[in-house]
*Asks:* 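Right, I'll just put the structure down here and ask away after.
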2 protein chains.
Amino acid sequence: MATIKDVAARAGVSLGTASRVLSGSSQTSPESRSRVLAAAAELGYIANGPARSLRRSRTDVLGLLVSDIRNPFFSELAHAAEQEARHHGYTVLLANANEDAEQADAYLRTFAAQRIDGLLFSPQGTVSSHLAATLTSGLPLVFLNRTIEGVDAPLYGTDNAEGVGHALAWLRQRGHRDVAFIGGPDTISTGAERRAAYLAGREKHGISTDDRLLDAGDFLASGAAEAMCRVIDRGVRFTAVFGANGLTTFGAVRALRERLGAEQASRIEVVSFDDLDWFEFASPPISAVRNDASSIGRLGVRGLVDLLAGRAAPGQRIATSFVDRARGGIR
Amino acid sequence: MATIKDVAARAGVSLGTASRVLSGSSQTSPESRSRVLAAAAELGYIANGPARSLRRSRTDVLGLLVSDIRNPFFSELAHAAEQEARHHGYTVLLANANEDAEQADAYLRTFAAQRIDGLLFSPQGTVSSHLAATLTSGLPLVFLNRTIEGVDAPLYGTDNAEGVGHALAWLRQRGHRDVAFIGGPDTISTGAERRAAYLAGREKHGISTDDRLLDAGDFLASGAAEAMCRVIDRGVRFTAVFGANGLTTFGAVRALRERLGAEQASRIEVVSFDDLDWFEFASPPISAVRNDASSIGRLGVRGLVDLLAGRAAPGQRIATSFVDRARGGIR
DNA sequence: CTGTTAGCGCATTCAT
DNA sequence: ATGAATGCGCTAACAG
């Protein structure tokens, strides 16, 4: 593979001049400039990233650590973050913690070894020692959607209270009083916030405060299904279910159908925090709080880029919208 | 950040000894070994990846270029590849071409700059000049699920002919004669193969050979919906639809419901290449060829690792299974 | 088994 | 504006 030395030789200039042309830093004569560029093109020269990083002590790489790349919310977020980062001249190194603190730790180590310039992080909630070390090492950091209490870094994430508000208003409008709420782990900030907002708002919206209607899973389908089953097993009547994230809703719906049968299950209305493709096809169709993963990814990257440039990054709550798919009018 | 020099100084040994201990290459006395390890731990030493890569002229990074990370097939594949790579001591740099040849090109450049050790590639079909350059540069390469004709690299991918066979058998068993086939781009190998297998097998399975029932999209929901609409507009009767990949099926179902209404649409049975979470909830439930993304990702990485180690990698077709969700018996 | 040394490819400083 | 020289942090070759 051609090095900058080869390019310089071919262009008949010194290594320094070639470097200056190719990194576009300092002034160079149009003459040597064109010769270097031509030589580089002819040789198919592509700068050696590791060497460049070593010398400049920056990599132009951002780390993005998400909890579960198979969750559509995060894959959309990752995609948007990647696009935005490209736009600013950064490459994104994507890592998937698989909702597991140990793997998160391992990737944080990898990131540190790669000497990433900044970190976009959507944490699980548990703070390990490595994580603490990373967070205090001065690496520019931005939280995406989820945060860790006590850590001073800007958060770019959904406005959970507002989103839950939409769902509550919809539930009231649809005339539901007995609503099962399937939440997420309290250790994850979004889980805690959504639950808190629901608890705080349900009475005001005429929804039963019977806590037997409350349960929580792990923000994955399996845990949510189990939580749904527990609620069913308590024998309390409910006419609607509220799933606290997309996978939770999926798991809850699956449990409803398995335990009650499709017929019975179709008499229960479902509303979800996070909108999924197929909700329009469910019967009855599932209404949902739209959680704008793209904006979160994009704004998060912008925040981190600001941090990297020495500017302030205040963090931001991204507004949700609501997709009402209920058939007919008030029930 | 602590360097190996700091570690050596703290341990009271030379730089060389510290390096030997930390990279575990050569023999070292237990004495100095423990002192170096202790010093490294105390300083929180993490080796500088770029420096190490520069010196060793390898990065222990594999590039994974997928067509669309928001496609569940690829996010599962990426996840599996990542896990397997970790297991072999490699980090995966994931890039998303967004089904766009230009972006694919840009990422190939980035990969080259980062000096990745090997490439896992799921191509769009179009071969640009950069791509050609990459492919002939001698970079160890493995195709995942999709291939490019004429390029000599092992393919780890679905057995498309077998998968289509499952679907055909099911269609016949369900008594369908008039089947709409919504394919993918012929430029993508999976699109071409699945279409070819369908055309070759339909007659044998008692399925109409009326080509007005055939159309193709772009393997994305939007293009598939348009293709479905075109078939509907031709006014030929059909009792079943076969979608050539997951997103295609999604788009087709959406088009059916929009154009025919939920009532009419529910009289048409749908079968899909690729299984999606929600197919069990559709009405009628959608049966599907299960395309084992995890195995493909895992085996692909193993193949690339073999290549990197100088071993042979023959490539492999991964068998599919079929999920029959049809209600009741023969129609 | 260990210390010393060279050099990976590049950006940058110091002269000119 | 340019050439020569330096060193980023590390591994590997060499000498002992």
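Sequence lines set the chain letters: A, B, ... in the order given, protein chains first and strands last, and positions in each chain run from 1. Values reported hereafter were calculated over all heavy atoms of this structure, with side chains retained and with hydrogens, waters and symmetry mates removed.
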*Asks:* Would you kindly give the CZ-to-P distance between A/Arg58 and C/dC10, to the nearest whole Å?
*Replies:* 17 Å

*Asks:* Specify the separation, in whole Å, of atom CG of B/Leu22 and atom P of D/dC10.
*Replies:* 9 Å

*Asks:* Quick one about A/Asn98 and A/Arg70 (side-chain donor to acceptor, distance below 3.5 Å, no hydrogens or angles considered), yes or no?
*Replies:* yes

*Asks:* Under the side-chain hydrogen bond (donor to acceptor under 3.5 Å, both in side chains) rule, collect the residues that match up with B/His88, sequence neighbours excluded.
*Replies:* B/Glu84

*Asks:* Are B/Ser32 and C/dC1 close enough that a side-chain N or O sits under 4.0 Å from OP1 or OP2?
*Replies:* no

*Asks:* Look for any protein N or O under 3.5 Å of an N or O in nucleotides 13-15 of chain C and output each such pair with its distance, or none.
*Replies:*
from   : atom 1 : to      : atom 2 : distance (Å)
C/dT13 : O4     : A/Arg20 : NH1    : 3.2

*Asks:* B/Leu119 pairs by side chain to side chain contact (heavy atoms under 4.5 Å, CB included) with which of B/Leu144, B/Leu64, B/Leu139?
*Replies:* B/Leu139

*Asks:* CD of B/Glu102: more than 12 outside heavy atoms within 6.0 angstrom?
*Replies:* no

*Asks:* What is the distance from CD of B/Gln27 to P of D/dT11, rounded to the nearest Å?
*Replies:* 17 Å

*Asks:* Looking at B/Ser19, I'd like to know whether one of its side-chain N or O atoms comes within less than 4.0 Å of OP1 or OP2 on D/dA12.
*Replies:* no

*Asks:* Measure across A/Phe121 and A/Leu65 and return the closest heavy-atom pair with its distance rounded to 0.1 Å.
*Replies:* CE1-CD2, 3.5 Å

*Asks:* Return yes if some donor-acceptor pair links the side-chain N/O of A/Arg115 with the main-chain N/O of A/Ala112 below 3.5 Å, else return no.
*Replies:* yes

*Asks:* From the options B/Thr91, B/Val61, B/Asp60, B/Val305, select the one residue that forms a side chain to side chain contact (heavy atoms under 4.5 Å, CB included) with B/Asp117.
*Replies:* B/Asp60

*Asks:* Does the side chain of A/Ser14 get closer than 4.0 angstrom to OP1 or OP2 of D/dG3 through an N or O atom?
*Replies:* yes

*Asks:* Please tabulate the protein-to-nucleotide N/O contacts below 3.5 Å involving nucleotides 6-9 of chain D, giving atom names and distances.
*Replies:*
from  : atom 1 : to      : atom 2 : distance (Å)
D/dG7 : N2     : A/Arg55 : NH1    : 3.3
D/dG9 : N2     : B/Ala51 : O      : 3.4

*Asks:* What's B/Ser53 touching, base or sugar-phosphate or nothing? Going by heavy atoms closer than 4.0 Å.
*Replies:* nothing

*Asks:* Determine, step by step, whether A/Thr158 and A/Asn291 satisfy the side-chain hydrogen bond (donor to acceptor under 3.5 Å, both in side chains) criterion, reporting the C-alpha distance in whole Å, the side-chain angles of both residues, the deciding distance to 0.1 Å, and the verdict.
*Replies:* CA-CA 7 Å; A/Thr158 306; A/Asn291 197 346; 2.3 Å; yes

*Asks:* Given C/dC1, is OP1 or OP2 found less than 4.0 Å from the side-chain N or O atoms of B/Thr28?
*Replies:* no

*Asks:* With distance as the sole test, does B/Arg35 use its side chain to make a donor-acceptor pair with the main-chain N or O of B/Ala11 at under 3.5 Å?
*Replies:* yes

